[in-house]
Q: 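Here it is, the structure, as structure tokens.
Lettering of chains follows the sequences in order, A, B, ..., and the numbering in each one begins at 1. Here the structure is a predicted model, which is why all the values come from computation and not from measurement.
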2 protein chains.
Amino acid sequence: MKKAKPTIDDVAALSGVGRTTVSRVLNNGPNVRPEVRMRVLEAVEKLQYKVNAQARFLAGGRSQLLALIHASDLDSEPNSYYYSGLELGALRACAPAGFQLLMHGVNQHSLDRVQKIIDFIASRRCDGVILTPPFSDDADLHQALLRQNIAHVAVSPGDGLRRQMAGVGMDDEVAGYEITRYLLGLGHRRFAFLQGLESHTSAESRYAGYRRALGEAGLSPDAMPTARGNFTFRSGADQSVDLLKGPQRPTALICANDDMATGALFAAHRMGLSLPADLSVVGFDDTPVSEVVWPPLTTIHQPIRQIGARAVEKLIEVLNGVESQEFGFEVVPHRLIVRESATQI
Amino acid sequence: MKKAKPTIDDVAALSGVGRTTVSRVLNNGPNVRPEVRMRVLEAVEKLQYKVNAQARFLAGGRSQLLALIHASDLDSEPNSYYYSGLELGALRACAPAGFQLLMHGVNQHSLDRVQKIIDFIASRRCDGVILTPPFSDDADLHQALLRQNIAHVAVSPGDGLRRQMAGVGMDDEVAGYEITRYLLGLGHRRFAFLQGLESHTSAESRYAGYRRALGEAGLSPDAMPTARGNFTFRSGADQSVDLLKGPQRPTALICANDDMATGALFAAHRMGLSLPADLSVVGFDDTPVSEVVWPPLTTIHQPIRQIGARAVEKLIEVLNGVESQEFGFEVVPHRLIVRESATQI
DNA sequence: CTGAAAGCGCTAACAA
DNA sequence: TTGTTAGCGCTTTCAG
């Protein structure tokens, strides 16, 4: 077993050049004779030398570290598909750019969450931060990050913050509008909407789109029942019972995400309804469960991995000073996935 | 907006003490008068000073960075619940110990995967590594890590490596044995088993347990049909058709994980079988889908988050030199979750 | 109890 | 085209 890890000086000594030259070779700098470059590379290979990223950073550069902030609360756990999709996309975009992802779970309800996040980033000297829901809607956090001059990008921020910081996401309002139009086209006139948590404003936009479509069709959104869940299967099952009982049962139920829609399906089965004949149910996201439940869920596909990847790419652009250019919100395309949970009335 | 970030010297100057004293306060060192400590802390607060983790590391200590290696291949994506559960558990165990998690996706089939991983860890100077399947079964990787003297711990390693490195996981063989016994108790005698990828040896152990139970019951495992999938819903649906057609259809199908079991349920429905009357299906893991499919899946619950957390804790123990003590494999408890997809024959 | 000095491994002027 | 010289911000001997 070798002694300590080889340093740049070891490489310099072995290849008989100065330390700076080795540094130049390592960073693909100019002004190095091919022959010398060769010699250095050989020494690197022989010594199994690896640059020390921390030392490199300390000497001036950037840390090449990006932080991904996500909620660590219990009630968001079932959304694992969403978060891991985001992460996978982000990870893939990091690799080619030479960045690394530092994960950080934060309790969204803690009072010192902003300070915690700032401390974390400042201490690790991350070059930038990716905010995921519900942190992408946290105005205080955005302000603090701005004040500290920390580059950041938001995943699916609500309308309020879209013009204030770089962001990526789908157009939830339009998505809500489209799926409602689809249901309207199927002949439905009695709706119910199962909303998510108020703090997730992108989910609120889905509801806004629904209202717009209803209004255009001459229906009154206020006359239709609504309820709120926390995006989980369980809450979908629980909250939809109230929505579905009563004399004037809706013929179509729109849920703010697939997990709740799945729960609604479950509850409807329990109530003895025959699906989709008695009730059409739709969701948003197109998560894996939507394909395996019965009946398979008609939903809006959200390109989660693409969103994660674009978030990283935008953040890197901001880091490189392109910020002035395109500071706005980037819309990634969604699409309606027609399966069998919604049918003509 | 301030100039550059405050350094330890700024704090020292403001509080009128030497740099060393500030360092002592920051690290809770001894030999500092309470009064002086107070003064330093105030300066830290006023300056909004944050230690620079990279500089701290460079000067001597550890990086307090742990790498979590996971597969980035396409065919493992559907297992997002598994990976994100592991990650969440790991993240939670990191926080109290002051460690941070660096995520790293690696293509498990690439030839230079070992080198890639080593380079990554060496360059970032991670203190240790958590290997998740299928990397936890990669003997070459283990050897390389050993050679480089890099601390590591494996999540659910196969029997082959369990005695060679620190590891955490459930007892897959016993789990396979138990669920088979359960089915046997229900009266089943004609079985089929849908295995996972050969490279995931912990999944292979589930099959081994199944064989043991069958053998003890006087049945010949070799007489029962088997097939292989890649852990996805799709492969479960595809592979189970062959298993289920033919004159002597099995009455019980055991799948190496829940996603495949869900696929099998789907295929069985398609074949017009009435479940669970015509066929009992069981899986492993107790992922969220297992609750929402029809019929709800009887399965083995695997405490994924706990495994992730224990992996980190063990790794930290190894880092602290407790390695000699408990170098072995730690078993976390599993349990049979009886739902409705398996029934008396 | 406290501080001065010596690095940790690297990059970036500045000379040569 | 190359090497010399300073630091980057921190921990750590080792003297006071």
Side-chain angles (χ1 to χ4, degrees), chain A residues 2-41 43-44 47-65 98 119 121-127, chain B residues 2-41 43-44 47-65 98 119 121-127:
Chain A
K2 288 286 176 51
K3 293 303 309 290
K5 292 199 194 302
T7 75
I8 195 173
D9 287 321
D10 295 327
V11 176
L14 181 60
S15 48
V17 302
R19 184 209 299 206
T20 314
T21 302
V22 176
S23 177
R24 284 200 187 92
V25 173
L26 259 27
N27 297 292
N28 282 311
N31 297 350
V32 181
R33 272 189 327 212
E35 174 210 323
V36 174
R37 181 181 298 274
M38 211 61 215
R39 203 139 40 88
V40 171
L41 256 17
V44 165
L47 257 30
Q48 281 285 299
Y49 168 78
K50 311 285 186 314
V51 290
N52 181 327
Q54 338 252 348
R56 169 179 283 179
F57 162 73
L58 188 56
R62 298 196 304 215
S63 68
Q64 299 285 109
L65 242 33
D119 283 359
I121 294 161
S123 179
R124 285 288 174 184
R125 296 296 196 271
C126 293
D127 291 335
Chain B
K2 290 286 177 48
K3 294 302 310 293
K5 292 195 193 304
T7 74
I8 193 172
D9 287 322
D10 296 327
V11 176
L14 180 61
S15 49
V17 302
R19 185 205 301 202
T20 315
T21 301
V22 177
S23 178
R24 283 199 188 92
V25 173
L26 259 26
N27 298 291
N28 282 312
N31 297 348
V32 180
R33 271 187 329 212
E35 174 209 323
V36 175
R37 181 181 298 273
M38 212 59 216
R39 203 139 40 86
V40 171
L41 256 17
V44 165
L47 258 29
Q48 280 287 299
Y49 168 77
K50 311 284 184 315
V51 288
N52 180 328
Q54 336 255 347
R56 168 180 283 180
F57 163 71
L58 187 57
R62 298 195 306 212
S63 66
Q64 298 286 107
L65 239 33
D119 284 359
I121 295 161
S123 177
R124 286 288 173 183
R125 296 295 194 275
C126 293
D127 291 335

Q: Spell out, as yes or no, whether a donor-acceptor pair under 3.5 Å connects the side chain of A/Ser63 to the backbone of A/Arg125.
A: yes
Q: The test is side-chain contact (heavy atoms from CB on, under 4.5 Å); show your working for A/Leu26 and A/Tyr49 and say whether it passes.
A: CA-CA 11 Å; A/Leu26 259 27; A/Tyr49 168 78; 3.6 Å; yes
Q: Can you check the B/Arg124 CZ to C/dG9 P distance for me, whole Å?
A: 17 Å
Q: Is the backbone N or O of B/Leu58 less than 3.5 Å from a side-chain atom of A/Gln54, with the two atoms forming a donor-acceptor pair by type?
A: no
Q: Examine D/dT11: is either OP1 or OP2 under 4.0 Å from a nitrogen or oxygen in the side chain of B/Arg56? Give yes or no.
A: yes
Q: Hey, does the side chain of A/Arg24 reach the backbone of A/Gly29 with a donor-acceptor pair shorter than 3.5 angstrom?
A: no
Q: Taking the side chain of B/Arg24 as its heavy atoms from C-beta onward, which of D/dT1, C/dT11, C/dT2 lies nearest to it?
A: C/dT2
Q: If I take atom CG in residue A/Leu47 and atom P in nucleotide C/dG9, what distance separates them, rounded to the nearest angstrom?
A: 13 Å
Q: Could you check whether B/Asn31 gets within reach of a base, just the sugar-phosphate, or nothing at all, counting any heavy atom under 4.0 Å?
A: base
Q: With nearest nucleotide decided by heavy atoms, which residue, B/Pro34 or A/Gln54, maps closer to the 5′ end of DNA chain C?
A: B/Pro34
Q: Could you tell me whether B/Thr7 contacts a base, only the sugar-phosphate backbone, or nothing, with contacts defined as non-hydrogen atoms closer than 4.0 Å?
A: sugar-phosphate
Q: For B/Phe57 and C/dG9, what is the distance between atoms CZ and C1' respectively, to the nearest whole Å?
A: 10 Å
Q: Whole-Å distance between C/dT2 P and B/Arg33 CZ?
A: 5 Å
Q: Atom NZ of A/Lys50 to atom P of C/dC8: distance rounded to whole Å?
A: 20 Å
Q: Whole-Å distance between C/dC8 C1' and A/Ile8 CD1?
A: 14 Å
Q: Pick the nucleotide of DNA chain D nearest each of A/Leu58 and B/Thr20; which residue has the one closer to the 5' end?
A: A/Leu58
Q: Looking only at side-chain atoms of A/Thr21, point me to the closest of D/dG9, C/dG9, D/dT2.
A: D/dT2
Q: Under 4.0 Å from OP1 or OP2 of D/dT11: is there any side-chain N or O of B/Asn27 that close?
A: yes
Q: Determine whether a donor-acceptor pair (N or O, by modelled atom type, separation under 3.5 Å) exists between the side chain of A/Ser15 and the backbone of A/Val11.
A: yes
